[in-house]
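Predicted, not measured: the structure shown is a model, and the values here were computed from it. Side-chain atoms are counted along with the backbone in the values below, which use heavy atoms only and exclude waters and symmetry mates.
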Amino acid sequence: MRLATWNVNSIRTRVDRVLAFLERSGTDVLAMQETKCREDQFPHLAFQAAGYEVVHHGFNQWNGVAVASRVGISDVETAFEGMPTWGDPAGAEARALGVTCDGVRVWSLYVPNGRVLHDPHYEYKLQWLGALREAAGTWLRSDPDARIALVGDWNIAPRDEDVWDMSVFAGATHVSPPEREAFRAFEDVGFTEVTRSYVDQYTYWDYQRLRFPRNEGMRIDFAYVSPVVAKRTDAVSIERDERKGKAPSDHVPVVLDLAD
DNA sequence: ATGACCATGTCGCATGGA
């Protein structure tokens with residue numbers, strides 16, 4: 001199975017590019033983040049015409065996650081156990097979507113941004129990651145052979161080399177020790193971040209200040225997978241070319257080849 | 001060239017992004 005994750009930054013703006021990528025790359029399952037639309041606004045027909053079934057979870061112009069699959073899709077969940085709520089009145093945001101595609105439990109994840117250190121959004125981000133880790137650990141303990149892939153935009157640069165200049169990020173989110181520890185802690189419950197051992201590449205470049213031409217990017221899109229999936233990962237690529245051309249997302253796809 | 005923010009809702013500007 002070829003499994004990809006991509007923060008598309010609006011599916012309505014990007015649908016042609018996403019479908020072209022699916023065709024070009026031979027992706028079987030695509031986890032998307034930041035669809036930025038309600039369910040009734042999602043371009044389902046275009047995906048259907050291309051041979052993909054889509055499950056989408058989105059309330060409004062904020063957040064939104066989806067999975068497109070041409071190898072089946074079932075057992076939909078729009079939250080994990082203990083997932084924190086946000087807002088007034090408090091409610092679950094559209095940041096997580098779990099589906100099963102050809103035996104693999106795929107979670108499309110859009111981790112909260114955090115905004116600035118010690119902001120309520122930052123505390124929410126850490127709680128959200130902690131709850132996800134707890135839930136994911138439970139899944140693996142109940143079935144150590146489970147095929148699980150936690151993929152998406154983690155909004156954390158786990159290492160200094162994951163940003164082009166650490167001095168620019170002094171006192172900022174995405175690189176703070178608590179965020180990095182919250183990311184690393186998924187290892188403690190049995191998951192492996194499988195992309196780094198295969199490819200050294202940023203996954204995001206800000207639209208501003210010529211960040212892409214200057215290659216001033218960030219590595220914030222990752223795949224934490226269960227032991228069986230880690231063993232079956234044959235290749236990983238980061239599709240840097242998707243940042244080029246007309247109307248790109250600010251993120252590029254991360255693609256995993258998984259053996260059957 | 002890979003080029004100086006972008007997308008949403010709404011219609012002048014606020015909000016969010018990282």
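- Comparing dG16(B), dC5(B), dG9(B) by their closest approach to the side chain of Arg115(A) singles out dG16(B).
- Every side chain to side chain contact (heavy atoms under 4.5 Å, CB included) that Pro248(A) has, sequence neighbours left out, goes to Arg17(A), Arg243(A).
- Residue Arg14(A) places at least one side-chain N or O under 4.0 Å from the OP1 or OP2 atom of dA7(B).
- Here Gln208(A) lies in heavy-atom contact (under 4.0 Å) with a base.
- Distances from the side chain of Arg209(A) to the nucleotides dA18(B), dA7(B), dC5(B) place dC5(B) closest.
- Rounded to whole Å, the distance from CG on Asp221(A) to C1' on dG17(B) is 13 Å.
- A centroid separation of 6.0 Å or more is found between the aromatic rings of Tyr224(A) and Trp107(A).
- Among the protein residues, Asp153(A) comes within range of the sugar-phosphate backbone only, with heavy atoms under 4.0 Å from sugar or phosphate atoms but none that close to a base.
- Using a 4.0 Å heavy-atom cutoff across all strands shown, Phe169(A) reaches no nucleic acid atom at all.
- Toward the 5' end of DNA chain B, the nearer of the two residues Leu210(A) and Tyr204(A), judged by each one's closest nucleotide, is Leu210(A).
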Check nucleotides 11-14 of chain B against the protein and report each pair of N or O atoms closer than 3.5 Å, with its distance, or say if there are none.
none

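- For the ring-ring contact (aromatic ring centres under 6.0 Å, His included) test with Phe222(A), the passing option among Phe183(A), Trp154(A), Tyr204(A) is Phe183(A); the others fail.
- Taking every heavy atom of residues 239-250 of chain A and every atom of DNA chain B, pairs under 4.0 Å involve Lys244(A), by number.
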